[in-house]
Amino acid sequence: MAARIPMASYPFQEIERKWQHFWESEEVFATPEEPDTSRDKFYVLDMFPYPSGVGLHVGHPLGYIATDIVARYKRMQGVNVLHPIGFDAFGLPAEQFAVEHGVHPRITTESNVANMLDQLKRLGLSYDWNRVFSTTDPDYYKWTQWIFLQLYQSYFDQTKRKARPISELVDEIVAGSSDVATAEQWKRLDARGREELLSEHRLAYMAEVPVNWCPALGTVLANEEVTNEGRSERGNYPVYRRPLRQWMLRITAYADRLEDDLELVEWPDAIKLMQRNWIGRSEGANVDFKLEHSQESVTVFTTRPDTLFGATYMVLSPEHPLVDSVTAEERQQDVDEYRKVAAGLSEIDRMAEGKQKTGVFTGGFAVNPVNGKKLPIWIADYVLMGYGTGAIMAVPAHDQRDFEFAKAFDLPIVPVVKPDREWLARYEITEEEYLESPESLEEVFAGTGEGCNSSNDEVSLDAVPTRRAKTLITDWLEAKGLGSYQIQYKLRDWLFSRQRYWGEPFPILHAAEGTIQPVPESELPVRLPEMDDFKPEASDDPDAPPRPPLSKAPEEWRFVERDGVRFERELNTMPQWAGSCWYYLRFIDPHNKERFVDQAKQEYWLSPNGVDLYVGGAEHAVLHLLYARFWHKVLFDLGHVSTPEPFRRLVNQGYIQAFAYRDERGVVVAADEVIDQDGQPAADVQGQSGRRYFHDGQPVVQEYGKMGKSLKNASSPDEVCAEYGCDTFRLYEMYLGPIEGSKPWSTRDIIGVHRFLRRVWRNFVDEESDALLVVDGEVDEGLERELHRTIKKVTDDFDRLSFNTAIASMIEFNSELVGLEKIPRRLAEPLVKLLAPLAPHLAEELWHRLGHAKTIAFESWPDYDQELVKAQTIVIPVQVNGKVRGSLSVAPDQQKEAVLAAAREDENVARHLEGKTVRREIYVPGKIVNLVAN
RNA sequence: GCCGGGAUGGCGGAAUGGUAGACGCAACGGACUUAAAAUCCGUUGGGGCGCAUGCCCCGUGUGGGUUCGAAUCCCACUCCCGGUACCA
């Protein structure tokens with residue numbers, strides 16, 4: 001428990017109330033609609049918060065305080081700053097609350113937003129409050145729907161590598177200049193056929209995709225809503241994988257550009273790498289395998305077409321559409337059972353099961369196109385429908401997973417690539433032995449080498465190195481019409497519909513005969529209908545068609561007539577990602593009624609390549625950041641935004657971590673409701689050994705992770721702010737460590753930064769008389785140098801967002817002033833300015849007391865004098881053979897010879913050199929001397 | 001499983017190839033006080049030698065390597081965290 005201290009001396013409550021009121025009533029931080037564009041600008045943005053019922057937790061402000069410091073620092077450098085905030089307010093929790101308590105999500109959302117706005121303001125954050133909006137505002141989601149229509153009305157031109165209006169594709173088809181279809185084909189198609197053809201090219205289209213379907217809840221579940229046993233977290237109902245017709249966005253068309261353009265942004269290398277891996281581009285071939293007793297064939301994707309001769313069986317994903325047609329009658333029962341089990345597993349479980357491979361033989365066979373061999377067709381859950389073609393040719397000699405599977409089910413293993421010597425040596429086996437019995441090892445040879453056992457009458461890969469073998473065989477396959485070059489991505493198209501109420505309605509109408517029509521722009525927004533019952537329709541039948549909440553909307557909403565035809569509105573809504581994909585654009589021009597963002601404003605604030613600094617958690621490394629980049633690129637292609645990328649510089653703040661608790665089903669329970677075996681709240685004893693924890697009488701297990709809604713372990717900043725003030729809270733969060741690092745939440749150390757602010761206050765203000773302790777007059781040279789060094793340090797640290805070290809240097813400088821009776825203004829004013837971005841309330845108050853009428857927010861950032869920053873003498877350690885044996889005080893410009901001579905003269909150094917000959921002398925100017933001797 | 005990150009005193013961290021532990025917390029000692037709080041000053045990685053200004057050895061998750069010199073670069077491993085496409 002931190003020591004409590006009286007607050008008589010540093011009246012933070014009064015100061016903070018006063019200046020927060022001043023900033024708000026004067027609209028100090030409102031960015032003008034028409035800023036002076038001759039000045040530099042800086043757009044600094046936080047990732048959109050979700051307005052949860054428990055409000056802000058101490059993890060949120062970590063990023064918000066950092067960006068606020070940057071915003072305030074940039075303003076003091078005379079830059080136009082755009083620093084907005086808003087709310088990503090659609091989403092699951094409000095809807096679930098509505099389902100359970102019957103409160104309309106709008107009500108919950110509005111009160112949560114109001115609460116969070118209040119909390120944000122109490123942290124002294126300098127947002128432009130005039131630009132606040134929520135994704136749930138019809139004025140906002142109107143434009144989300146508009147962007148969806150842009151996607152729907154566009155296609156990706158493979159030649160120009162960019163999005164273009166679909167109408168231009170139609171024009172080209174009609175003119176006969178498109179390879180999508182001939183004018184003749186187009187003419188023969190009816191409306192529905194044309195629609196189908198175009199939907200294969202639109203950036204927004206409908207398709208069947210597998211989802212976690214929970215018939216009892218009547219909805220699709222996220223993997224995290226499914227328990228370890230494959231049941232729903234809510235209600236414990238069974239969950240099934242089944243295909244569902246869904247809206248999809250064709251993000252895969254942009255795969256190459258999303259990968260290539262990572263070079264245009266200043267992001268952490270780790271994030272770029274994760275995006276590259278997520279996109280997962282790989283080159284290889286598609287190969288067709290004819291089915292026995294059928295005209296059909298199975299297409300597989302392989303990155304190793306050179307191993308085609310080594311394919312000894314095939315595996316289809318359990319969801320593969322051809323499973324039924326290849327399955328032999330007597331195998332049907334086993335196959336069905338296996339598919340049922342596989343349908344109950346999430347993708348993570350299917351892969352995580354890892355070691356033990358499972359699968360069943362279908363009884364069907366395919367023919368290897370290169371050697372005519374019969375290949376048994378199996379199904380196994382290690383083949384995923386979502387990647388490649390959902391089917392593989394298994395080459396157990398050269399793929400670890402196929403190898404394990406083949407050993408488990410006793411399938412033949414035929415090596416077709418000769419391992420290199422090094423590899424053979426590692427397993428202590430000769431080439432002959434290996435080729436004879438590859439199954440004797442635990443590992444496969446997955447590397448490259450010369451082919452063997454790989455020839456037919458027309459083509460031979462024997463003795464051909466892997467690289468050339470790939471080309472050779474793929475060319476052969478292409479010539480025979482059996483396969484083709486293929487670039488495959490791990491990235492999948494974006495599943496864009498949700499069976500929920502609390503999301504943006506799609507601006508789409510469905511006609512009875514199955515055609516689709518977009519809602520015209522002039523009719524946007526399509527508002528969410530007023531409803532009381534948000535529950536989707538439940539059913540006992542896993543195959544019953546889904547009835548999402550909007551199917552209960554009033555008829556007047558659901559059905560519309562256009563030109564005498566009755567249409568039903570799309571009943572799905574958009575995912576929460578939609579609103580967060582473009583909010584940074586709306587902040588630039590939030591009140592525009594005519595456009596989603598004004599062209600000129602957008603050009604000014606986004607130049608040269610998007611938001612200047614974007615701060616948020618690394619949990620968004622792939623999904624949000626990839627989705628937002630994708631939308632931005634589409635808007636860029638269509639001429640609506642002027643930069644190829646949305647976020648120029650990205651910084652990931654670390655997480656505040658805390659203990660969390662899970663029950664026996666693997667479901668997270670609220671951490672603040674957990675007690676130990678003695679009935680003490682978990683918060684008081686967690687971390688101690690020998691504790692057992694309980695929630696609602698049931699045992700729970702403790703874990704540790706990111707504070708937030710998923711782990712239900714949030715703790716609010718409110719108490720800390722009340723006890724120590726929000727300036728202390730701001731400093732404390734920044735002083736915890738580097739912004740990128742994760743750290744455990746503890747309030748034990750908070751007293752340290754609070755003491756610092758109190759010392760600052762006492763340096764300026766006499767506690768007894770409230771008189772200012774600042775005087776005009778002479779300044780000690782040592783202190784002056786110290787000040788300039790501090791200014792340099794803080795400025796450099798702010799530039800690299802190293803706030804903890806900036807605070808440390810301010811603490812040091814302030815401590816130098818503690819002994820002074822009165823402090824000279826020449827030291828006092830720059831110190832207050834340095835402090836202003838970090839502790840803005842205290843800084844405003846001191847600035848005001850120093851006799852300034854205007855806010856410190858736009859005062860100029862202090863400069864430092866290079867000469868004064870330079871050290872007069874520096875201390876240089878002297879090493880002998882890499883161990884420090886002495887040190888020297890020298891002038892910074894001292895010559896090498898003189899330094900080395902002095903080094904040898906040092907008593908202790910000389911002692912260590914005794915009886916040895918110096919073989920090498922290293923002098924790094926200003927850093928170190930190392931004498932190498934033996 | 002796969003992709004990415006992290007590990008430094010009792011604790012949060014500093015040091016980005018050059019004196020490991022800045023700054024803060026906690027602890028201990030002292031000043032002030034009738035006393036406590038607050039405040040101020042000092043000590044504080046572990047071990048050893050010494051009257052001593054001092055000197056020596058060990059030490060940045062584990063094991064190896066590169067280098068005159070490694071917390072920092074490379075290889076292998078352990079544990080923890082984030083993501084894994086419907087939490088956002």
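Letters go in sequence order (proteins before strands), and every chain restarts at 1. Remember, predicted model here, so these are calculated numbers, not experimental data.
Close to B/C40, at under 4.0 Å from its OP1 or OP2, lies a side-chain N or O of A/Arg762. Under 4.0 angstrom from either OP1 or OP2 of B/C56 there lies at least one side-chain N or O belonging to A/Asn908. Listed pair A/Arg498 / B/A85 fails the phosphate criterion, with no side-chain N or O lying under 4.0 Å from OP1 or OP2.
Nucleic acid contact class of A/Leu491 (heavy atoms, under 4.0 Å, all strands): base. Using a 4.0 Å heavy-atom criterion, one finds that A/Arg919 contacts no nucleic acid atom at all. Among the protein residues, A/Phe48 comes within range of no part of the nucleic acid, since none of its heavy atoms lies under 4.0 Å from any strand. A/Ser497 comes within 4.0 angstrom of a nucleotide base, judged by non-hydrogen atoms across all strands. Residue A/Leu495 is in base contact, counting any heavy-atom pair closer than 4.0 Å across all strands shown.
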Under a 4.0 Å heavy-atom criterion, the protein footprint on nucleotides 73-80 of chain B, written with B, S and -, is --------

Quick tally for nucleotides 3-14 of chain B: nucleotides whose base has a protein heavy atom under 4.0 Å get B, sugar-phosphate-only ones S, the rest -, giving SSS----BBBSS

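A/Thr144 and A/Trp582 share a side-chain donor-acceptor pair at under 3.5 Å. Using modelled atom types, one finds a donor on one side chain and an acceptor on the other under 3.5 Å when comparing A/Asn572 with A/Gln499.
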Please set out all donor-acceptor pairs under 3.5 angstrom arising from side-chain atoms of residues 927-934 of chain A, sequence neighbours excluded.
from     : atom 1 : to       : atom 2 : distance (Å)
A/Asn930 : OD1    : A/Gly882 : N      : 3.1
A/Asn934 : OD1    : A/Arg919 : NE     : 2.7
A/Asn934 : OD1    : A/Arg919 : NH2    : 3.2

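Closest to the side chain of A/Glu619, from the set B/C56, B/G83, B/G18, is B/G83. Looking at the side chain of A/Tyr627, the nearest of the listed nucleotides B/C86, B/C40, B/C57 is B/C86.
At a cut-off of 3.5 angstrom, counting only N and O atoms as typed in the model, there is no donor on one side facing an acceptor on the other between the side-chain of A/Glu921 and the base of B/C68.
Atom C1' of B/G21 sits at a distance of 7 Å from the matching atom of B/A14, rounded to the whole Å. Taking atom P on both nucleotides, B/C28 is separated from B/G46 by 15 Å, rounded to a whole Å. For the C1' atoms, the distance from B/U60 to B/U16 is 14 Å, rounded to whole Å.
For the ring pair (Phe, Tyr, Trp, His ring centres under 6.0 Å) test, residues two or more places apart in sequence or in another chain that qualify with A/Tyr732 are A/Trp745. Residues satisfying the ring pair (Phe, Tyr, Trp, His ring centres under 6.0 Å) criterion with A/Tyr141, sequence neighbours excluded, are A/Phe90.
The residue from A/Lys793, A/Arg800, A/Lys792 that alone fulfils the side chain to side chain donor-acceptor pair (under 3.5 Å) condition with A/Asp796 is A/Lys792.
The nearest whole Å value for the distance from the CD1 atom in A/Ile811 to the P atom in B/G24 is 6 Å.
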Base-pair string, RNA chain B, Watson-Crick plus G-U, cut-off 3.5 Å on both distances, | for inter-strand, is (((((((..(((.....[....))).(((((.......))))).(((((....)))))..(((((..]....))))))))))))....

